[in-house]
2 protein chains.
Amino acid sequence: MKLTSKGRYAVMALVDLAKFNSINPVSLRDISLRQGISLDYLEQIFSKLRKKEIVQSVRGIQGGYVLNKKAKEIKLTNIFDAVDEKVKTVQCKKESKKGCNGRSSKCLTHDLWDELENHINNFFEKKSLEDLIKDNFERRI
Amino acid sequence: MKLTSKGRYAVMALVDLAKFNSINPVSLRDISLRQGISLDYLEQIFSKLRKKEIVQSVRGIQGGYVLNKKAKEIKLTNIFDAVDEKVKTVQCKKESKKGCNGRSSKCLTHDLWDELENHINNFFEKKSLEDLIKDNFERRI
DNA sequence: TATAAACCTGACTAATTTAGTCAAGTATAT
DNA sequence: ATATACTTGACTAAATTAGTCAGGTTTATA
Ligand code: FES
Ligand code: FES
């Protein structure tokens, strides 16, 4: 089970954005340089974040992105959802009555994986961008 | 983040094994048929489980595998560890002082991913094979 | 003692996914 | 005007996964 770079970068970039989110929009170029993430890749990521209304874009010179909500209201769940970083523990379609391996019913471990998926998603639902900035700030005192 | 088939199958197969683990060893052929997992793939998986002393093999006709410990003492952690299904949330080497993207220090979100990794591993450390069989039994009453 | 069931091992491969790159735009402050 | 910065879509190399395949070796039992 591993976290992909897309998800990791999305959160990294938003923490960066939130930290520098004073009055001016933050350009992807700056985030790219500060966090060492490819600019082209960031563009893909922010395009998705914008579509899900997590950030707002400001075009032209001095442009960039700003948060579209309060940091407190942006949960990891929202971020991951926006960039399609989903937690997937089962192979079977969840809605379907069929099990994995094309079986006619759910397998012996299906409930376990469901439980695991919830356990992980809980973590994401609890953590907000604000929490992350705070942690980050406190660590630096 | 997704769970791979190898990990899912390893647990599935062991639950099956534990359920039929009366006196006789259980053959991979039987597990393969009951759970719909490729026999060749199961062989790879059980080879690893045996090396980590989670199961014991009995060769020859009427052979198969038996649990090498009590179901209570086999945790998901042990199973996943045996088949190299590891939880990996960070990109950087954990021991190293360097961060991801080859940076000189840990990134803004490193602590978060560490926390996530622990959160997931906790789940695996708590669940034993016995728990799984029990759940499975109770559901069928 | 021949045979078949079952474990054992290593190499190979197709398909998928990831982690980007690249190219060609459009909008806007100065 | 022009440079900065967002916007979009297509493309690709590398890595990983989920197996398959081809050979073994061991041992109960007829
Ligand atoms: S994981 Fe859902 S049926 Fe196996
Ligand atoms: S995840 Fe460890 S430094 Fe970024």
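Per chain, numbering begins at 1; letters A, B, ... match sequence-line order.
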Test item: A:Pro25 and A:Val66 side chains (from C-beta on) under 4.5 Å apart, heavy atoms: yes
Any A:Gln35 side-chain heavy atom under 4.5 Å of A:Met12 side chain: yes
Donor-acceptor pair under 3.5 Å, A:Gln44 side chain vs D:dT7 base: no
Please report the distance, rounded to the nearest Å, between [atom1] in [X] and [atom2] in [N].
{"X": "A:Lys2", "N": "D:dA15", "atom1": "NZ", "atom2": "P", "result": "11 Å"}
{"X": "A:Ile45", "N": "C:dT21", "atom1": "CD1", "atom2": "C1'", "result": "14 Å"}
{"X": "B:Leu39", "N": "D:dG19", "atom1": "CG", "atom2": "P", "result": "13 Å"}
{"X": "A:Arg59", "N": "D:dT8", "atom1": "CZ", "atom2": "C1'", "result": "10 Å"}
{"X": "A:Asp40", "N": "C:dA19", "atom1": "CG", "atom2": "P", "result": "16 Å"}
{"X": "A:Phe46", "N": "D:dA5", "atom1": "CZ", "atom2": "P", "result": "14 Å"}
{"X": "A:Asn101", "N": "D:dG19", "atom1": "CG", "atom2": "C1'", "result": "12 Å"}
{"X": "B:Leu17", "N": "C:dC7", "atom1": "CG", "atom2": "C1'", "result": "14 Å"}

Per [X] side chain, nearest of listed nucleotides [options]:
{"X": "B:Gln62", "options": "C:dC8, D:dT29, D:dG19", "answer": "D:dT29"}
{"X": "B:Ser27", "options": "C:dA19, D:dA3, C:dA6", "answer": "C:dA6"}
{"X": "A:Ser38", "options": "C:dT18, C:dT9, C:dT21", "answer": "C:dT21"}

Nearest-nucleotide comparison on DNA chain C, the residue closer to the 5′ end among B:Gly60 and B:Lys51: B:Gly60
Donor-acceptor contact present, side-chain A:Arg34 to main-chain A:Asp16, <3.5 Å: no
A:Arg50 side chain vs A:Ser57 backbone, donor-acceptor pair below 3.5 Å: no
Position toward the 5' end of DNA chain D (nearest nucleotide), A:Val58 or B:Ser5: A:Val58
Establish, with yes or no, whether the OP1 or OP2 oxygen of [N] is under 4.0 angstrom from a side-chain nitrogen or oxygen of [X].
{"X": "A:Ser57", "N": "D:dT7", "result": "yes"}
{"X": "B:Tyr9", "N": "D:dT17", "result": "no"}
{"X": "B:Thr4", "N": "D:dT16", "result": "no"}
{"X": "A:Arg50", "N": "D:dT8", "result": "yes"}
{"X": "A:Tyr65", "N": "D:dT7", "result": "yes"}

B:Asp81 and its salt bridge (charged side-chain N to carboxylate O under 4.0 Å, His left out) partner, picked from B:Lys48, B:Lys52, B:Lys86: B:Lys52
